[in-house]
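Heads up, the thing below is written out as structure tokens.
Each chain gets a letter, A, B and so on, in the order its sequence line appears, and its residues count up from 1.
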There are 4 protein chains.
Amino acid sequence: MTVATKQIKRIGLLTSGGDAPGMNAAIRAVVLAAHHYHIDVIGFVHGYNGLVIDEYIAQSKRLNLTDVNSIIHQGGTILKSARCPLMMEKSGLHQASDTLVEQSIDALIVIGGDGSFTGLLALQALWQGQVIGVPGTIDNDLANTDFTIGFSTAVNTGIEAIDKIRDTADAFERVFIVELMGRHSGHITFNVGIACAAEQVLSFENFSQDDEEAKLQQLAEEIQQAQQSRHGSYIIVMAENLWSGGATKLVEQLKALAGIECTACVLGHIQRGGSPVAKDRILATKMGVCAVQAIVGGETGIMIAEQQGVMSHVPLEAAITQGKHVSSQLVDAQQSILALTAQTQC
Amino acid sequence: MTVATKQIKRIGLLTSGGDAPGMNAAIRAVVLAAHHYHIDVIGFVHGYNGLVIDEYIAQSKRLNLTDVNSIIHQGGTILKSARCPLMMEKSGLHQASDTLVEQSIDALIVIGGDGSFTGLLALQALWQGQVIGVPGTIDNDLANTDFTIGFSTAVNTGIEAIDKIRDTADAFERVFIVELMGRHSGHITFNVGIACAAEQVLSFENFSQDDEEAKLQQLAEEIQQAQQSRHGSYIIVMAENLWSGGATKLVEQLKALAGIECTACVLGHIQRGGSPVAKDRILATKMGVCAVQAIVGGETGIMIAEQQGVMSHVPLEAAITQGKHVSSQLVDAQQSILALTAQTQC
Amino acid sequence: MTVATKQIKRIGLLTSGGDAPGMNAAIRAVVLAAHHYHIDVIGFVHGYNGLVIDEYIAQSKRLNLTDVNSIIHQGGTILKSARCPLMMEKSGLHQASDTLVEQSIDALIVIGGDGSFTGLLALQALWQGQVIGVPGTIDNDLANTDFTIGFSTAVNTGIEAIDKIRDTADAFERVFIVELMGRHSGHITFNVGIACAAEQVLSFENFSQDDEEAKLQQLAEEIQQAQQSRHGSYIIVMAENLWSGGATKLVEQLKALAGIECTACVLGHIQRGGSPVAKDRILATKMGVCAVQAIVGGETGIMIAEQQGVMSHVPLEAAITQGKHVSSQLVDAQQSILALTAQTQC
Amino acid sequence: MTVATKQIKRIGLLTSGGDAPGMNAAIRAVVLAAHHYHIDVIGFVHGYNGLVIDEYIAQSKRLNLTDVNSIIHQGGTILKSARCPLMMEKSGLHQASDTLVEQSIDALIVIGGDGSFTGLLALQALWQGQVIGVPGTIDNDLANTDFTIGFSTAVNTGIEAIDKIRDTADAFERVFIVELMGRHSGHITFNVGIACAAEQVLSFENFSQDDEEAKLQQLAEEIQQAQQSRHGSYIIVMAENLWSGGATKLVEQLKALAGIECTACVLGHIQRGGSPVAKDRILATKMGVCAVQAIVGGETGIMIAEQQGVMSHVPLEAAITQGKHVSSQLVDAQQSILALTAQTQC
């Protein structure tokens, strides 16, 4: 949506929700681009809390070029991040709107995921300024953009970890169940699974949680079959929030059901951090520049997206109301690779 | 092009030209997929030499599942690689054709770059079997595929190296000129340049070699301006084969012309090796499976490609006769980032 | 202990217990050195199981130079590893001895930790050949050697993981409790703690398990104090097997006792794998060569050790009966750093 | 040397000469320890230039705990570094002394290498304050300390680079000559050589520059012999400043003399940067604390050292006047490994 263009003088910027590698690269790009257009950038800290909690409002500050000088390669976010329950209440939204008005903010850029964009839409209903979302989440679960900032790094962190686990799994010819992040989507799990040659992928896309009992039985049989027909390691990658009780529970169940010895690894928060890979740095840089250009062009209520390699604008609603599924081509590829390896007799 | 389908029993497979991370992942995928279709895979070693030099022909062997068991994460190629001048001569081509006939090969898959595909086309004119190219080169300079196998890893190796160089450059507030691979294209240089926040990118896309003298003058002025207006490091990334004499020469010229002290770094062959990043492993896996499926489907004379995330078939001619340019969007993004940073007063 | 030297023709070699990065480098060095002395090396697989279980005995094989050609940089062990309960029974020991006699083994080298050396001593009582231990365990818990193979790599894997966790911890100003391996020693925990600037180190060396309740109280107070006096992340590193219920339980207890929100990360098996760092490659190479030289020199019943940078021989008993403690200098250094940071008001 | 202890109020701190990973960890430790003793730390920038050039003197500032909060893992140095020719002139030394007096500095800590310590000794002759050196250089060429800060990281950067080069070298069965840093010592070259299983090590310790012609001949023969007797890659690591014209020249000479095709790689400045490995972080932390404690204890004219794992004090003269040689044990180990591999027939 385009609003009547006015002279933009101050952009507000915050990072919200789970941090993702590349958020700093996006912050840098926003500041550089804004500087080009003679626009000030005010950084708010700790996510939306920076708009609603006095202590944090007081910490908001103008971001200069020096502030973003050496951050493109750093994980985390120099603006800090947080979840902000207050933004789900009317009073919180009004406070946020008041802060933006008091600080003469013309437009607000929020780097985050769908929860953050829901807050942004709610804010838009109250506040006159332009609102722009930049997709920053390792989960890659925002619709209408090929990638979100942080996803590629998380996948690479996952494969580096599993490459290490594979060493022990090979040495002991052992079964490992590795639980990966992704909230309620399997993007990380599927990509890591293919890239580290996992023997099994358990994710939302290829398994319904209603069938847990049947799946357990099937899994036990497949593992036993594999262990009889060939020797070697057996790695199952698994999406978090998929299996009741997670990897740890599944290990117990396989032991109880069929005497199978497995080891659970919950990779956890190492997947959120670290220096971003090239893809995330470039994506974040392009998106940050594009967000500022969108503001200058009078846009509001949109998310910056990458679609088939090209920057584009997507209505915020469209980004969060639709689910984004792992491409069926990828699921099929994994299934067919699994089918192939299932017959393996080495 | 589709040929009348016949029963495929044996696929020949080789890797040719400069090695690229992910070639092993592609080899694995070809062997797994062929196994699924009850097709044998014969691996030829040392590129096309494996088809024309007796010593190497004798080393060709059937690839089993165990041979590809733990290679998805390894750089290099288990089939070895080489350039093969003999393939540019008639006698060499005939020898290659004879070898394929003698070994009852029905189809040949070559993983390599444009030189390798030129050889493949020449071979196709003599030999009855199906020929399939899989794009494997760090240079990403094959047209009609979004990415080639190895490119993403090379870019990440480049940024990891430059992140290290940045530490010293910052500590000494010094100018570095870093020369990157890419043969005659700037894909690596441009992507690395953006991802490591290089102050300058010198590549085929934004600079014509005819203008070297003018460029030198301009470069010296920009460096001096930057050093006066702000303190800090200044990193120029530069495509190999672009500047007469390369980075080392440019360092001398900047010193002679304007007394500017720079340090040259030629990253060299570290860019070819290393464990492939997730993108290259997944791309290689999908392409390897797709190559076998194309053979089963009766295809010949094609390159497997990824276009907007989807596997597709491209006539071999189209892959090599057209140049593949760095996307103008990327060049523009870099130029605008540079324009922004050029004004920097920090 | 030196035995009357005889002509050594065949060395048996196995890796036992938890795998450790650098075991392959040690295998390589043994094979190279043995080749130099015209001695054959027979590799037994799956730890001591390779001496006692028929299926595995059958897989033992002569290790050639080609077998160890490209393994110095690989994690895991090409000889596989395992725990072997049979070696704690008389029948198992006799079977092992019989196997060594049948295969005309003159000397046995075992790369492993204290459990493996206990088995080796028991075997020595039955079998006439020479026995040599090479310390390979990430835990660094063998006395009389400065370092064990694998320890340095595990420490570096730990700091790389925590550097990533620090990004999120900083972004959210959050408390993380990271559980590290080490069995019953704190070598990994202490070294990682100092190297990643952990705010707290909980390990066997600075805390007795009897004082859990008091420690919990103290910990809660220190965290609250830190959070009041300064903002930022707070990372506790913690040895496995130290706290009843581990990091997960401690998180619950801190929440219940004082309402403190923490996140638990159990790094797990990523610490066992991965390409060895330089220190482990060099240590393993020197130890492997030294082990063969010790055999040629008629030694038996010893562990190869590094003491103040120099290779030496230690009686096997001395390696396993004495505990090896984290140097008090390191504990003191960490305590004093913690004392310093405790006063921090930033 | 101990001086009559007086109340220390202000410590000056600077980093000088080539930067080394871990310098920031040392800066952090100095600031933490000084804070513990209620001592202020004044950071001077750009090495000794911060004491002698007005523009830089003006940038000196008190280092607070917040300044060193998240730097333990960062390469480079937040205080910047530089060579400072002015310190070799009387006027420069007097200016430095004057600055220290004007700023009421009681003691000066310099983190650097032997050039930096020579300056420190000269300064000591003029200025009344205490002077302490902390060994920070990747070259490890300071006598009487087992390690210098940065050395371990540089070695690991070297092996990671050569592991990558090995992929291509294996794929092409090619000879590579890799030139490593080290100024006039072979510590990096020898350690990298062993750790990456280099086929040849050329360094000051095993080769005199007078014998270049003979060595060239010998090298050519060894390479040819290796290429005949076995196939595979052949990697020569080589110390910088050793061979006239360096690796590039040697490549030309081997081609001219014997038609051997090699590729030169000059690793260059990537060896100076990057996040420090655990060893360097811990060493730097201990040394930084120890330097402050030495000042409090009234010491002056000393270098902090690590000797057999223990912190100690060494007269500055002793650190710079004696050369520090690569341990003959390491040289011998490499020679014997080379002797072993030279016979290799794989």
- Message: Donor-acceptor check, side chain of C:D167 to backbone of A:G274, threshold 3.5 angstrom: yes or no?
- Response: yes
- Interatomic distance, A:H269 atom NE2 to C:L267 atom CG [nearest 0.5 angstrom]: 13.0 Å
- Under 4.5 Å heavy-atom distance to chain A, tell me which part of C:E173 shows up: side chain, backbone, both or neither. side chain
- C:Q225, CD atom: more than 12 neighbouring heavy atoms under 6.0 Å: no
- Quick one: what part of C:D19 sits under 4.5 Å from any heavy atom of chain A, side chain, backbone, both or neither? both
- Message: Measuring only between side-chain heavy atoms, which start at C-beta, is C:I162 closer than 4.5 Å to A:I270?
- Response: no
- Message: What's the separation between atom CZ in A:F172 and atom NE2 in C:H46, rounded to the nearest 0.5 Å?
- Response: 10.5 Å
- Note on the structure: All heavy atoms of C:A171 vs all of A:T77, minimum pair found to be CB-CG2, 3.8 Å
- Could you tell me whether the side chain of A:K80 and the main chain of C:D170 form a donor-acceptor pair under 3.5 Å? yes
- Query: Looking at A:S81, A:G76, A:C265, A:G268, which one has more heavy-atom pairs under 4.5 Å with chain C than the rest?
  - Reply: A:S81
- Which atoms of C:T15 come close to chain A, meaning under 4.5 Å heavy atom to heavy atom: side chain ones, backbone ones, both, or neither? neither
